[in-house]
Amino acid sequence: MADRSGGRRRRASKMGLLGGLATYQRSFAGVDDREDVNLLTFQPILNFNLSNGWYLRSSATWNFNLESGNSYIPVGAGVGKVFQLDKGVTMNAFVESQYTVWHDGPGAPRWQIFAGVNFQLPVGR
């Protein structure tokens, strides 16, 4: 599959995906007695394609609470499978265990399980 981006042609990698997503959230209005929000997150994303729709994945979200100082960095390892269903519908199911390798402050989870199912529906068929 190819797309046009900035005038250059790119091809999707058959090996997988390497990327990241950063977000910043800050409260600026609202109720005075509610705790302020000042949160920075970073989500490194790694998918490695296997055969027959299977893939390996890692996408744990790092959380840095800049208001309270509580932060934690988990790493994940999981597996997923993409299924082709009837009438062009695609289903993606995955499960990923995530372990916190570093934390500062109380309330950080030691282990997490991240699982999901999503569907891609054809448009205009």
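Computed from heavy atoms alone, side chains included, the values below leave out hydrogens, waters and symmetry copies.
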Return the minimal non-hydrogen interatomic distance between A108 and H103, and the atom names on each side. CB-CB, 3.6 Å

So, do D104 and W102 sit near enough that their side-chain heavy atoms are less than 4.5 Å apart? yes

Report yes or no: do V101 and L40 belong to one cluster of Ile/Leu/Val/Met/Phe/Trp/Tyr joined by side chain heavy-atom distances under 4.5 Å? yes

What's the verdict on side-chain contact (heavy atoms from CB on, under 4.5 Å) for N38 and D36, showing C-alpha distance, side-chain angles and the deciding distance? CA-CA 7 Å; N38 191 358; D36 288 340; over 6 Å; no

Do L50 and M15 share a hydrophobic cluster, counting only Ile, Leu, Val, Met, Phe, Trp and Tyr and linking them when any side-chain heavy atoms are less than 4.5 Å apart? yes

Between K81 and N52 (side chain of the first, backbone of the second, donor and acceptor by atom type, cut-off under 3.5 Å), is there such a pair? yes

Can you list the steps and then say if T90 with L85 is a side-chain contact (heavy atoms from CB on, under 4.5 Å)? CA-CA 6 Å; T90 302; L85 304 177; over 6 Å; no

Can you hop from L121 to V117 via hydrophobic side chains spaced under 4.5 Å? yes

When rounded to the nearest 0.5 angstrom, what distance separates OG in S27 from CZ in R34? 9.0 Å

Distance-only, no hydrogens or angles: does the W62 side chain make a donor-acceptor pair with backbone N or O of P74 under 3.5 Å? yes

Are the side chain of N49 and the backbone of K14 linked by a donor-acceptor contact shorter than 3.5 Å? yes

Mind checking whether F42 and Y99 sit in one hydrophobic cluster, side chains of I, L, V, M, F, W, Y counted as touching below 4.5 Å? yes

Hey, mind stepping through N92 and Y55 against side chain to side chain donor-acceptor pair (under 3.5 Å) and telling me if it holds? CA-CA 10 Å; N92 177 18; Y55 63 94; 2.7 Å; yes

Least distance between heavy atoms, P44 atom then A60 atom: CD-O, 3.5 Å

Interatomic spacing from CG in L39 to OH in Y24 - rounded to 0.5 Å: 9.0 Å

Can you list the steps and then say if L17 with I45 is a side-chain contact (heavy atoms from CB on, under 4.5 Å)? CA-CA 7 Å; L17 171 72; I45 301 168; 4.0 Å; yes

Between S59 and E96: side-chain donor-acceptor atoms closer than 3.5 Å: yes

With side chain to side chain donor-acceptor pair (under 3.5 Å) as the test, would you mind laying out the steps for T41 and T61 before giving the verdict? CA-CA 7 Å; T41 67; T61 302; over 6 Å; no

Test side-chain contact (heavy atoms from CB on, under 4.5 Å) applied to T100 and R110, step by step: CA-CA 5 Å; T100 299; R110 174 149 318 197; 5.6 Å; no

Which heavy atom of K87 sits nearest to which heavy atom of P122, and what is that distance? O-CG, 3.3 Å

Within 45° cone of F94 ring axis and under 6.0 Å: R57 NZ or CZ: yes

List the atom of T23, the atom of Q25, and the distance in Å for their closest heavy-atom pair. OG1-NE2, 4.1 Å

Group every Ile, Leu, Val, Met, Phe, Trp and Tyr by side-chain heavy-atom contacts under 4.5 Å, then state whether V79 and V82 land in the same group. no

Between S68 (side chain) and N70 (backbone), is there a donor-acceptor pair under 3.5 Å? yes

